[in-house]
Number of protein chains: 2
Amino acid sequence: MNVREQIEEMAEGFTPAERKLASALLSDYPFAGLETIQSFAEKTHTSAPSITRFVSKLGCSGYQEFQRRLIDELKERKHSPVDLRDDAMPVGDGFLRRFLERSSDVVTRVSEGVTEDQFERVLELLSDDKRNVFLIGGRMSDPIAQTLSRHLRQIRRDVYHMPPDPEIWPEYLLRVRSRDIFVIVDFRRYEKRLSDLAELAAEKRGARVLLITDKWLSPVAEHAAEVMAIPIESGTAWDSYCGALALVEALITAVAEQDWEATTKRIGGWEALRPNYGAVDDES
Amino acid sequence: MNVREQIEEMAEGFTPAERKLASALLSDYPFAGLETIQSFAEKTHTSAPSITRFVSKLGCSGYQEFQRRLIDELKERKHSPVDLRDDAMPVGDGFLRRFLERSSDVVTRVSEGVTEDQFERVLELLSDDKRNVFLIGGRMSDPIAQTLSRHLRQIRRDVYHMPPDPEIWPEYLLRVRSRDIFVIVDFRRYEKRLSDLAELAAEKRGARVLLITDKWLSPVAEHAAEVMAIPIESGTAWDSYCGALALVEALITAVAEQDWEATTKRIGGWEALRPNYGAVDDES
DNA sequence: TATTAAATGTAATGAAAATTTCAATGTCAA
DNA sequence: TTGACATTGAAATTTTCATTACATTTAATA
């Protein structure tokens, strides 16, 4: 239950000092409760012990837990209302429509976690063809990593997608040179094998690890040179990786544009090598 | 000035540890910065001193002042009647921002190509566990198909992802019963092998083909029972599959919600079977 | 490869914050 | 008026937190 609601409910049983606290808190909710216990005490002309008693009456084990609750409430209000907000939104209330709305929200919010600057740095690394690039993702996120792999392979050389089975990794790891790149995609339900891999790659082989993860940060972060933390919550029980895909596509596009002739030449040559049951039709 | 803006501005002069901190903070802004200095340090795999140095670089006399600034920002935003999120959403016109803008547009436009009605029909088919489901995508679009495969496999039985090599297909095709489902994802640079497969599956084996393609329609359409034509042009030289991913995720979510107990039970059992080097940490 | 400078974490320190104890104060009923 | 009880804050205590100093590691350059 909401702290505010709880206070209103319990208001009967409060002592005078507690009522002071309650009204101070409610009048500047929840920020009054985010100060230190003593400045809150001072402001309300009560004392720290009174506050301790007050919050424990509210069922918190201490002032800190109380503050955590307030913060969590704020956080929730800020993160969830994607859907609640847009009852004022345009038309269409079908499932698909609503879902798409949220997905597109996740996409735009990517920029909250990745600055243009960081984007540039990553771009720089991925474009440097003196470095090998190794990629891998988690069970559910590997498709994202694969998208990057496949496109990157069209653009540059020395791109290797790691197989899912750790047994086979050594074979790849031996090929890793210092300063090579590891791109790891790992979203919640983090997988230990990935952080193990990151550790090996970074510590033993001197590779740079670029991590794409969510705001709870995969343990891979420990070994990562760049952490791109992007939103994956779409408000449903299931996460959305649309943001991740958008980021990856942005990287691909940027790397390709970085050196345009080289890319077209490469893709051209590559097209020529396709067996002719390959493309059927390319133009509208 | 806003802490967020300041961080983006000063990004150049940051050390690696500071960058980690910056991206962790930005991805869960401003709440990541409201924890105690040590839990923030732990979460980002840096150390408390690094944070102290980081915030002092930001012009704060200490961690506490830094927190005060964050809280004051929250407060201000809260009290101004405008959108709660406005402030958190960085504006700007860097490459990434512009790209994301377009991607999110592609996502919302999916509903132009797929009606709620069609969505329902497809949903129905995918939920029907008396039908086998086979999936495959093109060279670049297979990751989309894989996303669907992998999630679907958590939800229901009899899901088979087709290998890319046509040589192996007969083995699968023999297993196809009449009224089974084929999900094929094929975007421009259509591949002949896919339409061959569609033909075999539909005409010879009596399967229903569900096609996810773009507005120029893959030749697979000829054999498809449902054609979902979605936007893939993001305005760059490269296509964006974000719309496709969003659609696929919507399907997954809807199928899962269709029969919720069955799904949780299935996922639960499935979790229990994971070797314990599986998940590492799941909570924030 | 050796040398230097920068970056980073460990551990020690000092500061402050929160909690507990306890005595003082006020309130109410007998 | 007095005694029992509840409320309260001062002071002491304990805990937690942030910072500083320093040693180690890492990266950069010659």
Side-chain angles (χ1 to χ4, degrees), chain A residues 10-22 24-25 32-71 121 124-125 128 130-131 177-181 198-199 201-209 221-227, chain B residues 10-25 32-71:
Chain A
M10 302 179 71
E12 323 276 299
F14 286 156
T15 69
E18 285 163 352
R19 275 194 289 273
K20 275 193 202 171
L21 291 169
L25 178 56
L34 295 181
E35 318 190 41
T36 67
I37 198 171
Q38 39 258 33
S39 57
F40 189 24
E42 196 176 336
K43 219 181 220 172
T44 54
H45 306 288
T46 61
S47 66
S50 295
I51 295 176
T52 297
R53 289 186 284 260
F54 175 66
V55 300
S56 81
K57 222 175 213 174
L58 256 38
C60 304
S61 72
Y63 191 66
Q64 325 218 67
E65 183 182 315
F66 169 74
Q67 291 191 317
R68 270 258 74 74
R69 269 180 76 183
L70 293 177
I71 289 175
R121 281 195 308 274
E124 197 62 41
L125 290 170
D128 183 349
K130 281 194 280 300
R131 305 173 193 263
R177 295 193 314 258
S178 170
R179 326 187 115 211
D180 279 357
I181 313 280
E199 182 170 4
E203 320 304 341
K204 296 270 188 272
R205 311 292 312 182
R208 301 225 172 175
V209 174
E222 191 175 349
H223 312 289
E226 294 287 348
V227 177
Chain B
M10 302 180 72
E12 324 269 312
F14 285 157
T15 69
E18 285 164 352
R19 267 179 259 146
K20 276 191 195 177
L21 291 169
S23 78
L25 178 58
L34 295 181
E35 316 189 41
T36 66
I37 198 170
Q38 41 257 39
S39 55
F40 189 25
E42 195 177 337
K43 193 168 160 192
T44 54
H45 306 284
T46 61
S47 64
S50 293
I51 296 176
T52 298
R53 288 185 284 259
F54 176 66
V55 301
S56 81
K57 223 174 213 175
L58 255 39
C60 304
S61 71
Y63 191 66
Q64 326 221 68
E65 184 184 316
F66 168 74
Q67 291 192 317
R68 272 259 74 74
R69 272 181 73 184
L70 293 177
I71 289 175

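Naming convention: chains lettered A, B, ... in sequence-line order (proteins, then strands); numbering from 1 in each chain.
Heavy-atom nearest nucleotides on DNA chain C were determined for V55(A) and for A17(B), and the one closer to the 5' end corresponds to A17(B).
Of all heavy-atom pairs spanning K130(A) and R177(A), the tightest one is O-NH2, 3.0 Å. Across S50(A) and A17(A), no two heavy atoms sit closer than the pair OG-CB, 4.4 Å. Residues K57(B) and T15(B) come closest through the heavy atom pair NZ-CG2, 4.1 Å. Across all non-hydrogen atoms, the minimal contact from F40(A) to L25(A) is CZ-CB, 4.4 Å. Taking each heavy atom of Q67(B) and E35(B) in turn, the nearest pair found is NE2-O, 2.8 Å. The nearest pair of heavy atoms linking A202(A) to V209(A) is CB-CG2, 4.1 Å.
Not a single donor-acceptor pair under 3.5 Å links the side chain of K20(B) to the backbone N or O of T46(B).
Distances shorter than 4.0 Å separate some side-chain N or O of R179(A) from OP1 or OP2 on dA28(D). Remark: T52(A) is not in phosphate contact with dT20(C), judged by side-chain N or O atoms under 4.0 Å from OP1 or OP2.
Taking the side chain as every heavy atom from C-beta outward, R205(A) and S178(A) never approach each other to under 4.5 Å.
Atom P of nucleotide dT7(D) and atom NZ of K20(A) are separated by 15 Å, given to the nearest angstrom. The CZ-P distance, from F54(A) to dT20(C), rounds to 17 Å in whole Å. For the pair R53(B) CZ and dA21(D) C1', the computed distance is 11 Å after rounding to whole Å. If you measure from atom CZ of F14(B) to atom P of dA6(C), you get 18 Å, rounded to the nearest angstrom. I51(A) places its CD1 atom 12 Å from the P atom of dT8(D), with the value rounded to the nearest Å.
If you check residues 35-50 of chain A against DNA chain C, the residues with a heavy atom closer than 4.0 Å are T36(A), I37(A), Q38(A), A48(A), P49(A), listed by number. Residues from residues 57-67 of chain B lying near DNA chain C, meaning a heavy-atom separation below 4.0 Å, are Q64(B) in numerical order.
Among I71(A), L34(A), L58(A), the single residue meeting the side-chain contact (heavy atoms from CB on, under 4.5 Å) criterion with F66(A) is L58(A).
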